[in-house]
There are 2 protein chains.
Amino acid sequence: MANSASGDSVVDRVVRVIEAFPEGVTSLQLTELADRAGLPLSSAHRLVRQLSQHGLLDLGAGGTVRLGLRLWELVNRNSPTLALRQAAMPFMEDIQQVLNQNVNLAVLDGWEALFVERLSRRGSVANRARIAGRMPVHISSAGLALMSHQSREVQAEYLEQFEDPSGKVTAQAVRHFLAEAAQQGYAQLAGVVDPDTWGIAVPVVNGKRRTVAALGVVVPLAEMRLQALVPALQTAARGIGRQLGD
Amino acid sequence: MANSASGDSVVDRVVRVIEAFPEGVTSLQLTELADRAGLPLSSAHRLVRQLSQHGLLDLGAGGTVRLGLRLWELVNRNSPTLALRQAAMPFMEDIQQVLNQNVNLAVLDGWEALFVERLSRRGSVANRARIAGRMPVHISSAGLALMSHQSREVQAEYLEQFEDPSGKVTAQAVRHFLAEAAQQGYAQLAGVVDPDTWGIAVPVVNGKRRTVAALGVVVPLAEMRLQALVPALQTAARGIGRQLGD
DNA sequence: ACACGTTCTACCATTGAATGGAAGGTGCTG
DNA sequence: CAGCACCTTCCATTCAATGGTAGAACGTGT
């Protein structure tokens with residue numbers, strides 16, 4: 001036995017270590033980390049120590065492993081979402097001020113909407129969809145808005161593989177939603193995430209006519225005023241797109 | 001010549017690649033990246049390709065390298081600042097609502113304050129750009145608030161190495177500021193970052209009496225009302241500390 | 001149209017850095 | 001105090017990582 005009995009490179013292992021943290025978990029014991037990453041304890045230990053010397057991980061006393069502050073800093077300084085967030089924030093704040101609703105910004109990654117930024121409704125305490133959270137395309141208005149503006153090929157590929165584990169939604173239904181969203185210029189979805197809420201999202205299109213994000217709000221059913229919301233969102237989305245350039 | 005002519009490990013190199021992005025730069029050409037990371041082009045190319053296969057980097061056509069969406073997601077989901085931000089956000093929103101000022105949250109890293117979250121003043125153009133930004137301890141109220149609550153040893157070590165490149169501030173002056181902040185329970189600093197603004201920050205103390213963050217506001221000189229601001233900040237800071245537990 | 005510079009990508013023989021089992025700490029629990 | 005669970009260190013073995021070289025794909029100035 002020698003270099004990597006399992007046939008994986010060092011890079012593979014570094015990635016597995018970082019990916020080993022389950023969602024929302026910030027701290028892991030060394031043994032558990034090694035287990036989750038599928039690495040021999042001594043190898044995991046060596047890797048973690050090396051990474052923590054550079055500040056990407058934080059190896060505390062007693063084998064407690066956390067992601068490093070330096071990693072957080074580097075990623076949040078240089079992430080490609082940075083320009084998007086900077087362009088979008090003023091408009092998101094406007095929406096929040098004027099409509100007083102939860103505002104969110106998402107991008108498409110695979111067949112899921114990845115939420116990049118969120119402003120919560122004034123006065124509200126709890127907060128469902130989190131920053132860096134994901135939602136399948138077919139159960140989020142943001143996801144539908146994004147997918148409805150993808151090329152025919154991408155949409156076909158998406159519908160091809162579509163399968164709803166709960167069995168509540170058919171590919172046919174999703175196709176219908178997407179067509180509707182494409183035609184109307186916005187996507188809406190009622191009571192899916194939470195029975196008493198309504199989601200509305202519009203695409204954000206950059207200078208090259210590429211759909212790069214979706215801007216959306218989540219409103220209580222009782223306060224649903226489509227006529228007021230959609231134009232506000234579309235105006236903001238155009239403003240963001242203009243800022244983006246590209 | 002063989003494994004690493006320069007005597008650095010693979011982990012070292014991965015770190016250098018991620019660190020190669022200058023602040024605010026989200027996209028780098030492969031050649032420039034190799035240059036900045038101090039790696040032979042072919043090695044950089046191999047590493048980047050491997051990392052991008054896992055989604056930590058994004059190697060686009062023409063050798064354009066960006067940080068990967070997956071990396072952003074993983075870090076923002078599992079970062080140790082997550083609990084802090086979640087605990088602090090409601091209180092920061094309260095402050096923003098009541099005082100209508102720029103609110104920020106920082107932690108101490110080395111001899112600098114690292115800004116973890118920021119809410120901008122209503123109506124102002126969002127300067128959210130400064131999330132993940134750093135400020136030296138001696139020119140930020142947050143930094144002073146954090147340092148004033150560190151142990152004697154840490155403070156001594158800090159003052160020992162202190163040197164102001166601009167020569168405007170002496171170690172003696174900083175010592176004075178820290179003592180004052182420790183005694184008063186808050187730190188203030190006028191017109192340093194911006195000649196017309198005043199910074200005030202208070203420490204956030206967790207259940208174990210450890211100072212884990214600083215909560216601060218930046219107000220225009222004209223609107224300076226210390227009597228109103230400090231109690232509000234201190235109340236919020238206590239609330240955050242209670243949420244944190246630990 | 002052509003030559004030149006620049007940048008990305010692929011190949012592959014060489015070799016020392018990475019590996020992981022085993023053994024030695026450390027701290028907790030019954 | 002024995003037993004367990006976990007962290008940490010050591011070191012001989014060996015194959016994965018390395019980087020010079022060469023070719024492909026641009027773009028640019030003449």
Side-chain angles (χ1 to χ4, degrees), chain A residues 1-22 25-68 78 80 208 246, chain B residues 1-22 25-68 78 80 208 246:
Chain A
M1 237 154 281
N3 251 354
S4 178
S6 38
D8 47 6
S9 67
V10 179
V11 171
D12 293 332
R13 293 168 169 227
V14 169
V15 174
R16 287 223 300 280
V17 165
I18 295 176
E19 282 182 330
F21 291 83
V25 172
T26 62
S27 175
L28 235 42
Q29 285 303 99
L30 192 53
T31 302
E32 190 180 356
L33 179 67
D35 200 36
R36 287 181 178 277
L39 293 174
L41 179 59
S42 63
S43 297
H45 183 256
R46 181 165 22 84
L47 272 181
V48 168
R49 191 152 37 76
Q50 284 182 308
L51 286 166
S52 69
Q53 273 161 9
H54 291 282
L56 292 215
L57 291 184
D58 185 18
L59 176 54
T64 301
V65 184
R66 296 171 192 271
L67 296 190
N78 303 307
K208 283 180 181 160
D246 259 333
Chain B
M1 239 155 282
N3 252 352
S4 178
S6 37
D8 47 4
S9 68
V10 179
V11 171
D12 293 332
R13 292 166 169 228
V14 169
V15 174
R16 287 222 300 279
V17 165
I18 295 176
E19 283 182 329
F21 290 83
V25 173
T26 62
S27 175
L28 236 42
Q29 284 303 102
L30 192 54
T31 302
E32 190 181 356
L33 180 67
D35 200 36
R36 287 182 178 276
L39 292 175
L41 179 60
S42 63
S43 296
H45 183 254
R46 181 166 21 84
L47 271 181
V48 168
R49 190 151 40 74
Q50 284 182 309
L51 285 166
S52 71
Q53 272 163 8
H54 291 283
L56 294 214
L57 291 184
D58 185 17
L59 175 55
T64 301
V65 184
R66 296 171 191 271
L67 295 190
N78 303 308
K208 283 180 182 159
D246 259 333

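Below, chains carry the letters A, B, ... as their sequence lines are ordered, and counting in each starts from 1. Note: hydrogens, waters and symmetry copies are ignored here, and every other heavy atom, side chains too, is used.
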Per Leu30(B) side chain, nearest of listed nucleotides dG20(C), dT9(C), dA18(C):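 For Leu30(B), the side-chain atoms sit closest to dT9(C).
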Nucleotide of dT8(D), dG20(C), dA18(C) approaching Arg13(A) most closely (side-chain heavy atoms):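 Minimum distance to the Arg13(A) side chain belongs to dG20(C).
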Value in whole Å for how far the [atom2] atom of [N] lies from [atom1] of [X]:
X        : N       : atom1 : atom2 : result
Asp8(A)  : dC15(D) : CG    : P     : 14 Å
Leu33(A) : dT8(D)  : CG    : P     : 12 Å
Asp12(B) : dA17(C) : CG    : P     : 11 Å
Leu41(A) : dG21(C) : CG    : P     : 10 Å

Pull out every residue in residues 44-62 of chain A that has a heavy atom closer than 4.0 Å to any atom of DNA chain C, ordered by number, or say none.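 Heavy-atom cutoff 4.0 Å gives Arg46(A).
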Residue whose nearest DNA chain D nucleotide is more 5′ - Ser42(B) or Gln29(A):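 The 5'-side residue here is Gln29(A).
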Look at Ser43(A) and dG20(C) and indicate whether a side-chain polar atom (N or O) is within less than 4.0 Å of OP1 or OP2.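 Result: yes.
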Considering residues at least two apart in sequence or located in another chain, which fulfil the side chain to side chain donor-acceptor pair (under 3.5 Å) criterion with Asp58(B)?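 Partners of Asp58(B) under the side chain to side chain donor-acceptor pair (under 3.5 Å) test: none.
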Look only at the side chain of Gln29(B) and the backbone of Gly62(B), and say whether a donor-acceptor pair between them is shorter than 3.5 Å.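 Looks like yes, one N/O pair under 3.5 Å.
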Main-chain N/O of Ser9(B) paired to Asp12(B) side chain as donor or acceptor, under 3.5 Å: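 Answer holds: yes.
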Gap separating the CD atom of Gln53(A) from the CD atom of Gln50(A), nearest 0.5 angstrom: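 Taking CD in Gln53(A) and CD in Gln50(A), the distance rounds to 7.0 Å.
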CG-CG distance between Leu30(B) and Leu59(B), expressed to the nearest 0.5 angstrom: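 Taking CG in Leu30(B) and CG in Leu59(B), the distance rounds to 6.5 Å.
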